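Structure first, commentary second.
Predicted model, so just to flag it, every value in this text is computed and none were measured. Letters A, B, ... mirror the listed sequences (proteins, then strands); counts begin at 1.
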Amino acid sequence: MRKIAYREALREALREEMRRDPTVFLLGEDIGKYWGGAFKVTEGLAEEFGEERVRDTPISESAIIGVGVGAAITGMRPVAEIMFGDLTALAMDQIANQAAKIRYMFGGQVKCPLVIRTPFGAGVNIAAHHSQSLEAWFMHVPGLYVAVPSTPYDAKGLLKSAIRGNNPVIFCEHKLLYPVEGEVPEEQYTVPFGVADIKREGEDATIVATLYMVHKALEAAKTLEKEGVSVEVVDPRTLTPLDKQTIINSVKKTGRIVIVSEDCKTAGVSAEIAAIIAEEAIDYLDAPIKRVAEPDTPIPFSPPLEQYVIPDEKAIIKAVKEVV
Amino acid sequence: MRKIAYREALREALREEMRRDPTVFLLGEDIGKYWGGAFKVTEGLAEEFGEERVRDTPISESAIIGVGVGAAITGMRPVAEIMFGDLTALAMDQIANQAAKIRYMFGGQVKCPLVIRTPFGAGVNIAAHHSQSLEAWFMHVPGLYVAVPSTPYDAKGLLKSAIRGNNPVIFCEHKLLYPVEGEVPEEQYTVPFGVADIKREGEDATIVATLYMVHKALEAAKTLEKEGVSVEVVDPRTLTPLDKQTIINSVKKTGRIVIVSEDCKTAGVSAEIAAIIAEEAIDYLDAPIKRVAEPDTPIPFSPPLEQYVIPDEKAIIKAVKEVV
Amino acid sequence: MLNLAKEKLTEMFRKMLEIRFFEEKVFDLYAQNLVPGTIHLYTGEEAVAVGVCAALEKTDYVTSTHRGHGHCIAKGADLKRTMAEILGKRTGYCKGKGGSMHIADFSIGMLGATAVVGAGMPIAVGAGLSIKLRKTRQVVACFFGEGASNQGTFHEGINMASIWRLPVIFICENNLYAMGTHQSRVMNIENIADRALAYGIPGVIADGNDVLAVYEKALQAVERARKGEGPTLIECKTYRHKGHSRVDPAKYRPKAEVEEWLAKDPIKRFKEKLLQEGVLIQVEVQKIEREVAAEIEEAVKYAMESPYPAPEEALEDVYA
Amino acid sequence: MLNLAKEKLTEMFRKMLEIRFFEEKVFDLYAQNLVPGTIHLYTGEEAVAVGVCAALEKTDYVTSTHRGHGHCIAKGADLKRTMAEILGKRTGYCKGKGGSMHIADFSIGMLGATAVVGAGMPIAVGAGLSIKLRKTRQVVACFFGEGASNQGTFHEGINMASIWRLPVIFICENNLYAMGTHQSRVMNIENIADRALAYGIPGVIADGNDVLAVYEKALQAVERARKGEGPTLIECKTYRHKGHSRVDPAKYRPKAEVEEWLAKDPIKRFKEKLLQEGVLIQVEVQKIEREVAAEIEEAVKYAMESPYPAPEEALEDVYA
Ligand SMILES: Cc1ncc(C[n+]2csc(CCOP(=O)(O)OP(=O)(O)O)c2C)c(N)n1
Ligand SMILES: Cc1ncc(C[n+]2csc(CCOP(=O)(O)OP(=O)(O)O)c2C)c(N)n1
Ligand SMILES: [Mg+2]
Ligand SMILES: [Mg+2]
């Protein structure tokens, strides 16, 4: 099968959906023909669809999302880009109080099919304001869906589902994934929300990982295999809805779980997954649950500091060894 | 000992600290002499300290916090009030990206002693935009402290510690607690951060609860006692720093834990506490961990709906019975 | 403006009365402890919502605020379902999930009220963008208070509407106070309308207690919007008769000021004008008043007799 | 303005050169892959930071942005520690935790740069409030781009500074672009200075490539601020010589426009003026240029030779 980069897979999803449905449009800072998006995801789309549908905005994150909400509840399917995930903090009211709650507050009268694309993640030395992973904030907001694709295939399929769906979605991308290539079929497809993907089967321990951490988990699994430890890697692909069953089934099989997540450990993604296991599958466990995550610090700038805080293969291997 | 309301305890803390330290000042919407704060916490303080130090602001939540940051890093000790906890979403960048990170980003050059007081919690039928409990968002932000006082005594002592401390604090109050009375000594005292309080001792199960849920947990414990179940109620008092040891020690003793938190269940406060136990104290458990929290919905307006989503004594009793 | 059709003028008068009587009833019910939560009454500001909505068509949109009952009624919402929502009933517009601060009726273009001050502004702009992209001739009227004009969303929202020439009419209901805070204490300018200069759009001032004055300005703005010439900011100078919410006695307002404004009661003024100019005669006015009072009674009865939602309904409507 | 003391003028010239040479060196180092992350050079805008900071005293404050090297240097930051920070070294101002977008030096009133566009504005206002409450005679200069003027924080921040008459000078560095976005595409007005009207404060325009013009406007604003008369918004029209960041070739800018602005190079202009007016003679200029170049070399050497922080230091400085 042909291989394309994550960035291109996203662009294909946008292009296909824009061709299919005239109500789909994009808005965000510098996503248009003068720049093509800070990470070039939208490159070429303004040329094809025009500046009305690939709409550059002022630097006004809160209004970008608010405008998305207003358009979504009046018949459009906006895809908003927030240039860096850290900047969702500026739009948190529009995301969590307006987009997520508008259907509920109004008793189900309206749907809000707004997709918010944004890149999270550290690793390129751009420090505390451009490197966070904030998925957990959004998991805590009922009314939102949260997608966390780790491969080009998932990125394309999930983005298409997000755009076609009828709910607001925080579509979390990862800076380091944009150039990563993977198999993506030529023919159209979608990936459903709420269905985890077992990225690697194994017997001795389960690793649940998301986004860039899936790749580190897979590397760790390879290394561990050589040492005789067989690891299953489960990628939830969406955090809301979360496919608990696939995770629990894996734990039933392996009796061990390590949760790997790039966000700060406390009250992060890994906490929720750990809590689910502790509530619903504790009897299958043969060892404590382990979380591998960033320590509770902002992301530092200098390369040795930044590398120190990002969970790596070594940390994952160490955690797995502690439980098997 | 004399009894005063939670609201008055907070006011006393503010008054004592403002008398003690001229750098302490208050800012927020309608906190001054024309209103005294939406929940009347600051009533009378403008009269004593003047409008310069009890400063009414425009409706500009983001700037209220930003101004607090700017004042805090230049020698003042601002106490900002955000009228409703839900509205912290408007100031999330200033809270999480600026206040929390400014010390770290600048390599420890500066401290940011900013206290942000805000009421969370449901129960007074003011619907989805005025009723949330969002403590978990802030637990996930390194650089912030998070206080969650459940009694007038703790409220006063923790607020004084918050103001004297050198870090930004989200000081979470609860709407239903304001009129609740409790013993508060006449003489000055502080309550340290990071020290849990065992609000009731017991042998058979541990309940960890915060804010208004502490009171519901205590009621549940009383009822359970009559049925022969002895429950220990641990109140962490601050979520960051979190006194893990006291919680773990209690679990060592009882072998059972129910975590009660008013926020939405997924990725909430109870998830983190459950994860800590699952990582560090799983061997002491004789039953699965239980979380009692709000379901993953916005807070509805109508009384029967709202009462349905708020965790109540019955739900706590049911959870305890499931584990003992 | 009195050369408008009698029908139109009568309808405007009737709507103003509906709002007034409705709000007085809500106040009564509140005093009897029958309204859960809080309420923000529109009494005294009727000319604004009615003047603006009279310039709109049914398919046009409005966005509303915590003080939203008047916007709903003026846009044509059903009184029964509005009252039922305020009482938290199953038959309310939002099945009891929204309450006083969150009423919407998408069937009449009422896109709903947000209780986060200022948060409706970018949402209105988004509806305007949607109109432009869908190429309909709709317009959006976005209501907000003078207090809201200090929020970042005001700035970001109006700027976007301006650069994209969107069909949005920004209606600032300047009632001088945001809770207990007088305008002069939170902004260094006299007229919110002047803020329009920062976005390169027209800013106009209307006597917010004169329904025809509001109507006239709104109509001009609507025409401009429909022609694709972009947004207008209209500041309506008005006053709320009651406190900010619930039990607020509004002691922060000087007595003379209150009296001055009560004397400018928009309904009294409009009624007098209609009578003076012979548009309506006294018996017609009385008939309308009786009819509206009866309508409101009916709405109250409907709302009171309606059931509460079943508790488990709390779990519905989170996702589509 | 040339009646300023020679010493002052020379110092301004020297600072501008420091910034220029510093940035050119950063660009070189970046090209050699020695600068981690991204960079936003100040080249071309030197007259703004230097003109403003020349009007400040050491105890005054500045707040800065992602494009902050120039603000640091103009306010008197140590070149060595600034360069070391940009290279991520232990000896940098922030021990390597901040990098190019987050440099601060509290000892000289440089309150630091935020990389969230516009976020520094309320922080500057808070510093202004602190000055007022502590009753010192300090002022704050708050730098931000024209792109940032569309953020809600601009609106909320300036409004608060105005109502409280705080000693804050808002310096809009209007370099016409925010990344690839020309001002005309994101606002419907010509001059950011006009936005001052929305807050009831003076808004003035300065030629941002003329250091003395900037200095003059800044000095007036500083005087006003020190007298307790409140904030001023100064828009400095300028241009960045390079792309927005890193490898941006800035193809979105018309060639003629770039050339026009390069011809208005603030350093060239100031140098010519100083020579023409006989403030400096050629050999003096050359001496300064040599000295500054040597200083920068020294800074680079210092930074290059400095150690990286130990990895575990990442865990320090989270809490005080
Ligand atoms: C963002 C936000 N801040 C504060 C509040 C609390 N609050 C509710 S209404 C109100 C005053 C609003 O004033 P204005 O915009 O003038 O509208 P008015 O009530 O006068 O109609 C405030 C402060 C809120 N709901 N949302
Ligand atoms: C809130 C926010 N939005 C977007 C970005 C990404 N970004 C960084 S610099 C920049 C352009 C800023 O333009 P301007 O304010 O004019 O400053 P200039 O770069 O021209 O000096 C953008 C969009 C950011 N860092 N913060
Ligand atoms: Mg008002
Ligand atoms: Mg710019």
Subject >> Heavy-atom proximity to chain C below 4.5 Å, by part of A:N167 >> reply: side chain
Original post:
Between C:P309, C:G157, C:A119, C:G128, which has the largest tally of heavy atom pairs under 4.5 Å with chain A?
Top reply: C:A119
Original post:
Taking C:T114, C:V125, C:T153, C:L133 one by one, which has the highest count of heavy-atom pairs under 4.5 Å against chain A?
Top reply: C:L133
Original post:
Out of C:G96, C:G152, C:G126, C:A113, which one racks up the most heavy-atom pairs below 4.5 Å with chain A?
Top reply: C:G126
**OP:** Please state whether the side chain, the backbone, both or neither of C:A124 comes within less than 4.5 Å of a heavy atom of chain A.
**Re:** neither
**OP:** Please tell me if the side chains of A:T240 and C:Y319 come closer than 4.5 Å, counting only heavy atoms from C-beta onward.
**Re:** yes
Original post:
Where does C:Q138 contact chain A at under 4.5 Å (heavy atoms): side chain, backbone, both or neither?
Top reply: neither
Original post:
Within a strict 4.5 Å, meaning less than it, do heavy atoms of the A:M105 and C:C94 side chains meet?
Top reply: no
Original post:
chain A heavy atoms under 4.5 Å from C:L129: which part of the residue, side chain, backbone, both or neither?
Top reply: side chain
Original post:
For C:I103, is it the side chain, the backbone, both or neither that has a heavy atom under 4.5 Å from a heavy atom of chain A?
Top reply: backbone
Original post:
Among residues 74-91 of chain A, which ones touch chain C with a heavy-atom distance under 4.5 Å?
Top reply: A:T74, A:M76
Original post:
Is there a donor-acceptor pair under 3.5 Å between the side chain of A:Q98 and the backbone N or O of C:I123?
Top reply: no
Original post:
Out of A:I65, A:V69, A:D93, A:I64, which one racks up the most heavy-atom pairs below 4.5 Å with chain C?
Top reply: A:D93
**OP:** For the residue pair A:F106 and C:K97, establish whether any side-chain heavy-atom pair is separated by less than 4.5 Å.
**Re:** no
Subject >> chain A contact via C:A161 - which portion, at a heavy-atom distance below 4.5 Å >> reply: neither
Subject >> Residues of residues 22-61 of chain A within contact distance of chain C, non-hydrogen under 4.5 Å >> reply: A:F25, A:E52, A:R55, A:D56, A:T57, A:P58, A:S60, A:E61
